[in-house]
Trainee: 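Structure in structure tokens, see below.
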Amino acid sequence: MCRQSVTVCLIKQPSRQQRELPDRAARLDALPDPRGRRGRRHTLTSVLLTAACAVLAGARSYLAIGQWARHAPQDTLARLGFRARGPLGVRRPASPSTLRRVLVLVCPGGLADLLGHAPAGAQAVAVDGKSARGSRTDAAPAAHLLSAVAAGRTVSQLRVPDKTNEITAFAALLAPFELASIVVTADALHTPREHAKWLVEVKKAHYLLVAKGNQPKLHAAIKALPWKAVTARRYDRERGHGRRETSSVRTLTVTGLGLDFPHVVQAVKILRHRTEARTGRVTRQTVYAITDMTAREASPQLIGRLARSQ
């Protein structure tokens with residue numbers, strides 16, 4: 001069943017064999033065409049491959065995708081799957097209007113599942129949401145996408161239904177995948193108790209979840225822990241993105257300390273000092289998090305690395 005929750009169901013969940021096919025075109029062939037049968041001149045796979053190649057070449061709009069396709073050489077169009085027509089055998093790409101119509105109709109959830117990478121063997125999966133740039137129209141708000149990423153590769157992606165938030169899509173995003181012993185990291189929006197229970201009890205996964213002011217009791221309880229007495233800590237220094245950052249990671253086993261959260265074993269305090277290389281401006285940030293992993297399973301060094309990946 002399609003996991004895209006804002007449009008009509010267009011695709012069943014792809015099988016493991018389909019998801020692991022090495023050829024992208026072969027994966028896309030499993031995606032049903034949302035168009036009617038009449039009037040089709042180009043295959044769905046050729047249209048989607050055209051859009052992907054154009055975006056990789058720098059296109060940032062439907063018009064730019066259409067311009068890239070119009071100027072593509074004949075051998076490129078042949079590799080994309082466009083048929084030769086007429087007595088001269090000329091291949092003509094899809095028009096900008098066709099490209100736009102197909103990309104709007106195609107199921108984002110099914111497409112992401114087919115092209116995503118299964119998280120098997122990964123240490124962690126990071127869940128985060130972003131609004132798609134340029135997707136806002138006069139009649140509809142910007143599309144908000146919730147993504148799962150492992151080792152720099154997208155596992156899957158879902159569009160969050162309008163008038164809701166990411167919380168409603170969290171379980172649907174991760175449900176099809178085997179997550180046993182994998183650490184799922186997420187920001188404070190995904191720290192409801194139900195998410196933690198579902199990850200540990202149903203998916204047999206671990207969690208590292210940020211705690212902020214949206215859960216004031218939990219945040220205050222973690223903040224009040226005896227952090228000054230903690231000896232398990234890790235210091236790291238990094239340069240990049242035009243800044244220097246020094247971070248201190250402290251972990252504290254909280255079993256028996258009355259922290260009320262499902263399966264929690266350790267609390268985490270991350271203190272970051274950032275210096276902008278251009279202006280010299282210094283900022284300080286304190287982040288609290290919780291995890292079900294023991295001190296033996298997750299050292300301050302590992303926690304810091306997982307937090308940076310998120």
Side-chain angles (χ1 to χ4, degrees), residues 119 122-129 146-151 155 165-175 177-236 247-272 284-310:
Q123 183 182 44
V125 172
V127 176
D128 196 13
L146 184 65
S147 303
V149 178
V155 174
N165 56 36
E166 298 175 15
I167 298 175
T168 60
F170 181 85
L173 177 72
L174 299 175
F177 303 102
E178 177 60 46
L179 299 175
S181 301
I182 294 176
V183 183
V184 176
T185 65
D187 59 21
L189 189 61
H190 299 291
T191 313
R193 302 168 65 89
E194 293 75 17
H195 287 183
K197 288 182 179 180
W198 182 76
L199 287 172
V200 175
E201 298 172 9
V202 178
K203 303 302 291 183
K204 310 302 179 185
H206 297 295
Y207 65 78
L208 176 63
L209 303 175
V210 174
K212 289 184 179 180
N214 61 328
Q215 294 202 40
K217 291 184 178 180
L218 177 63
H219 183 261
I222 299 174
K223 189 176 180 180
L225 292 172
W227 293 109
K228 292 184 179 180
V230 173
T231 58
R233 62 182 67 185
R234 169 77 179 188
Y235 293 95
D236 287 298
S247 61
S248 168
V249 181
R250 304 183 187 187
T251 58
L252 175 64
T253 300
V254 296
T255 50
L257 295 183
L259 192 61
D260 184 20
F261 196 83
H263 305 288
V264 65
V265 176
Q266 288 194 98
V268 182
K269 180 179 181 179
I270 304 174
L271 179 61
R272 298 189 178 108
R284 174 177 173 173
Q285 180 188 34
T286 302
V287 177
Y288 295 98
I290 48 178
T291 180
D292 69 310
M293 294 181 288
T294 65
R296 179 169 294 184
E297 293 173 322
S299 64
Q301 181 179 5
L302 175 60
I303 293 292
R305 186 164 66 247
L306 293 174
R308 287 194 301 273
S309 68
Q310 171 63 30

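Every heavy atom of this structure was used, including side-chain atoms; hydrogens, water molecules and symmetry mates were not.
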Trainee: Looking at every heavy atom in both Leu218 and Phe261, which two are closest together, and how far apart are they?
Mentor: CD2-CD1, 3.9 Å
Trainee: Side chains of Leu225 and Tyr288: does their closest heavy-atom pair fall under 4.5 Å?
Mentor: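 Result no, sub-4.5 Å side-chain heavy-atom pair not found.
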Trainee: Taking atom OG of Ser247 and atom CD of Gln285, what is their separation to the nearest 0.5 Å?
Mentor: 11.0 Å
Trainee: Search all heavy atoms of Ala150 against all heavy atoms of Ala122 and return the closest pair with its distance.
Mentor: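 What the structure gives for the nearest pair is CB-CB, 3.9 Å.
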Trainee: Using 0.5 Å steps for rounding, measure from the CD atom of Gln266 to the OG1 atom of Thr255.
Mentor: 9.0 Å
Trainee: How close do Pro119 and Ile182 get, heavy atom to heavy atom, and via which atoms?
Mentor: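 Taking Pro119 first and Ile182 second, the nearest heavy atoms are O-CD1, 3.4 Å.
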Trainee: What's the spacing between Arg308 CZ and Asp236 CG if we round to 0.5 Å?
Mentor: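 Separation between the atoms: 4.5 Å.
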Trainee: Passes side chain to side chain contact (heavy atoms under 4.5 Å, CB included), Phe170 versus Val184? Steps please.
Mentor: CA-CA 11 Å; Phe170 181 85; Val184 176; 4.2 Å; yes
Trainee: Considering non-hydrogen atoms only, spot the tightest contact between Glu166 and Gly129 and give its length.
Mentor: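 The pair with the smallest heavy-atom distance is OE2-CA, 3.3 Å.
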Trainee: Under the 3.5 angstrom rule, does the side chain of Thr191 hit a backbone N or O of Val210 as a donor-acceptor pair?
Mentor: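 Answer holds: yes.
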Trainee: Is the shortest side-chain heavy-atom distance between Val264 and Val254 below 4.5 Å?
Mentor: yes
Trainee: Closer than 3.5 angstrom, by distance alone: can the side chain of Lys204 be matched with the main-chain N or O of Glu201 as a donor-acceptor pair?
Mentor: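 Judged by distance alone, yes, a pair lies under 3.5 Å.
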Trainee: Rounded to the nearest 0.5 Å, what's the gap from CG on Leu306 to OG1 on Thr291? Could you check?
Mentor: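 Those atoms lie 8.0 Å apart.
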Trainee: Please state whether the rings of His190 and His195 are parallel, tilted or perpendicular, taking 30° and 60° as the class boundaries.
Mentor: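 Rings of His190 and His195: parallel, as their planes differ by under 30°.
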Trainee: Looking only at heavy atoms, what is the nearest atom pair of Ala307 and Ile270, with distance?
Mentor: CB-CD1, 3.6 Å
Trainee: Do the non-hydrogen side-chain atoms of Ile167 and Glu194 ever get within less than 4.5 Å of each other?
Mentor: no
Trainee: Is any side-chain heavy atom of Met293 less than 4.5 Å from a side-chain heavy atom of Val183?
Mentor: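 Of all side-chain heavy-atom pairs linking Val183 with Met293, at least one is under 4.5 Å.
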Trainee: Using modelled atom types only, decide if a donor and an acceptor are shared between the side chain of Arg234 and the backbone of Gly304 within a distance under 3.5 Å.
Mentor: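 Flag not set: sc Arg234 to bb Gly304 has no pair under 3.5 Å.
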Trainee: Does some side-chain heavy atom of Arg193 sit less than 4.5 Å from a side-chain heavy atom of Pro262?
Mentor: yes
Trainee: How about Thr294 and Thr253: do any of their side-chain heavy atoms sit closer than 4.5 Å?
Mentor: no
Trainee: Under the side chain to side chain donor-acceptor pair (under 3.5 Å) definition, can you give me all pairs with a residue in residues 206-218, not counting sequence neighbours?
Mentor: His206-Asp292
Trainee: How far does NE2 of His219 sit from CD1 of Ile290, to the nearest 0.5 angstrom?
Mentor: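 Here the interatomic distance stands at 11.5 Å.
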Trainee: Minimum heavy-atom separation for His263 and Ala196, please, with both atom names.
Mentor: CD2-O, 4.4 Å
Trainee: Side-chain contact test, heavy atoms from C-beta onward, threshold under 4.5 Å: evaluate it for Ser299 versus Thr251 and give yes or no.
Mentor: no
Trainee: Please identify which of these residues, Val230, Leu259, Ile222, meets the side chain to side chain contact (heavy atoms under 4.5 Å, CB included) condition with Leu252.
Mentor: Val230
Trainee: Calculate, to the nearest 0.5 Å, the distance between atoms CG and OG1 belonging to Leu173 and Thr168 respectively.
Mentor: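 Here the rounded value is 11.0 Å.
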